[in-house]
Q: 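Once you've had a glance at the structure underneath, I'll fire off some questions.
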Amino acid sequence: MEPVLSVSEITSGYGASPIVKGVSIAAKAASTVVIVGPNGAGKSTLLKTIFGLLSIFSGKVYLKGEDVTGMPPERLVARGMGYVPQNRNVFPSLSVRENLEIGAYQTPKHTSERMERVYLMFPDLKKAMARPAGTLSGGQRNMLAMGRALMSDPDVLLLDEPTAGLSPAYTKVVWEHIVRIAEIGKSVIVVEQNTTTALTSSEWGYVLVAGENRDQGPGPELLARPDIGKMFLGR
Amino acid sequence: MSLLLMGVGFGLITASVLALASVGLTLQFGVTNFVNFAYGEFLTIGAYLAYFFSTVANLNIWLSMLLAALLTAGFSWLVNRVVIQPFLKRKAPLLILLVVTIGLSLFLENGVQAIAGPSFEQYAASSGAIVNIGPMIFTTQQLVIIAIAIVLMTGVHLLLKYTRVGKAMRSMSDDPDLARISGVPIQRITDLAWVISGFLAGLAGVVLAINVTSFTPVLGSQFLFIIFAAVIVGGIGRPYGAMLGALLIGLVTEVSAMYIDSAYKTVVAFAILVIVLLFRPQGIFSSKGRV
Ligand SMILES: Nc1ncnc2c1ncn2[C@@H]1O[C@H](COP(=O)(O)OP(=O)(O)O)[C@@H](O)[C@H]1O
Ligand SMILES: [Mg+2]
């Protein structure tokens, strides 16, 4: 099957020196791909590059077969890409409902329908609909951030550490949601520190080390490998 | 009529002028996150444009005000595109932007002076009949000014609370990076913020000129400090705060002017500012985020 998102030999960084070096990844519809790697490996940088937030030194990004390299975020959103940053991922003074409405800015036609779908997936958000997002708990904020990104009905969803700072119980809940988002047809690309849960739940995994693509394979298989276990899990 | 009520009457008029001006300044700040020090001159430009339409071209004063506000809105858009954006594209630090707007302020004030001359001007329009409302006395012109402020403040409220672009402005005020990530076209929303800011500045300039009867090219720059006081008292970047700040500063400065020399109005505004900042450094409206 043709990948929905395909990143080919991307090199990028913040200033002149490259952080991500020649990385390629591909993601299919209705599947979860996870990117793991040590702190500072360039995982967040890679997501930001794909989403048009950093300038690309070389390489290409294809979305649904079209070259979208260097396209700014608002146009990528209109074309079916969504991104949830790790920190500061909700608008604190806007209500939960308004946060979701902002997510639908580029695709305003089916706002109420999609909002119902998000509320169905995250009942907590429905209860807190009128509250300012700044009053939500960390876990609820991550739910809202995902919901906001889903409001544009993206084909590809990029999530940067959606479980950072959450309890193991909440981490499990978040991953159940990620799997469900993939089940409704989305291609979900997740950067994760919680390697075990992430690799267990993902169809495919990439291992990023020092900005380079060190390894890849089916999630559970990578997890079972002794060298990977040693790198991340201290086994 | 007691002095106090007379002061309250004047206070309501000043608050109306101030509310238009403060909300315009704070909206632009909320979206772009830097202060436009040339904002006072936007008021001046509005006042002189209305002078041209009403006194030179002989149009009705309120129609002149509307035309002047629309042109000031266009001018504000142009300032953003031609003066501000080139610096932002080169990622100039905020301090540079402040210096740029201060420079622009001097340039515009001198420009107005070069074109219109330094002498006092006055609109030809009459201030209308005297109207008694309870113990307070207003002219119809003053009542129109209050009505304009109420209509515009309601309009701003509806815009921010219920429209897509209004919510987008609030989202940018909360977190411009996240707004961009969420698909908000930040360039267009920024343009819109400057246009609305300029429109309100134009209106404010005209009603300010009406209120002070005769004016010179320093009309706006002299008023800028009071605008800042209202904006900061309310919490900078927060339109509802600016409305409240305008009401507070307007009432207190005018009531105090009934009892002490009216030359001290600015001092009184400054005193309110200091007192509020002592107890609530973030401004009165601060519990929820900006806007
Ligand atoms: N805004 C930034 N400006 C400059 N360098 C950055 C910035 N953000 C991250 N870096 C650098 O890029 C490298 C990769 O960071 P990051 O992509 O955040 O890693 P990861 O997400 O894998 O932990 C690090 O060396 C970090 O210091
Ligand atoms: Mg990271």
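Residue numbering restarts at 1 for every chain, and letters A, B, ... go by the order of the sequence lines.
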Q: Is chain B contacted by the side chain of A:Phe51, its backbone, both, or neither, given a heavy-atom distance below 4.5 Å?
A: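 Contact with chain B involves the side chain of A:Phe51 alone.
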
Q: Which pairs would a plain distance check flag for residues 58-80 of chain A, meaning a side-chain donor or acceptor within less than 3.5 Å of a matching protein atom at least two apart in sequence or in another chain?
A:
from    : atom 1 : to       : atom 2 : distance (Å)
A:Lys60 : NZ     : A:Asp67  : OD2    : 3.3
A:Lys64 : NZ     : A:Arg79  : O      : 3.1
A:Lys64 : NZ     : A:Asp155 : OD2    : 2.7
A:Glu66 : OE1    : A:Arg79  : NH1    : 3.0
A:Asp67 : OD1    : A:Thr69  : N      : 2.9
A:Asp67 : OD1    : A:Thr69  : OG1    : 2.5
A:Thr69 : OG1    : A:Val61  : N      : 3.0

Q: Under 4.5 Å, heavy atom to heavy atom, which residues of residues 104-113 of chain A contact chain B?
A: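 Answer by number: A:Tyr105, A:Gln106, A:Pro108.
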
Q: What closest approach, in Å, do A:Ala198 and A:Val34 show between heavy atoms, and which atom pair accounts for it?
A: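 Closest pair (atom of A:Ala198, atom of A:Val34, distance): CB-CG2, 3.6 Å.
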
Q: Would you name the heavy atoms of A:Lys43 and A:Ile35 that are closest together and state the gap between them?
A: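 It is CD-O, 3.8 Å.
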
Q: Is it the backbone or the side chain of A:Val90 that comes under 4.5 Å from a heavy atom of chain B, or both, or neither?
A: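 For A:Val90, backbone heavy atoms alone lie under 4.5 Å from chain B.
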
Q: Given B:Tyr240 and B:Val156, is the side chain to side chain contact (heavy atoms under 4.5 Å, CB included) satisfied, shown in steps?
A: CA-CA 9 Å; B:Tyr240 299 113; B:Val156 167; over 6 Å; no

Q: Please confirm whether the backbone N or O of B:Phe37 pairs with a side-chain atom of B:Thr101, one donor and one acceptor, at under 3.5 Å?
A: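 Yes; at least one donor-acceptor contact below 3.5 Å.
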
Q: Treating A:Ser6 as the side-chain partner and A:Pro3 as the backbone partner, does any N or O pair qualify as donor plus acceptor under 3.5 Å?
A: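 Checked: no pair found.
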
Q: Under 4.5 Å heavy-atom distance to chain B, tell me which part of A:Arg88 shows up: side chain, backbone, both or neither.
A: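 Interface part for A:Arg88: both.
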
Q: Taking atom OH of A:Tyr14 as the centre, report whether more than 12 heavy atoms of other residues, nucleotides or ligands fall under 6.0 Å from it.
A: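 Correct, the count exceeds 12.
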
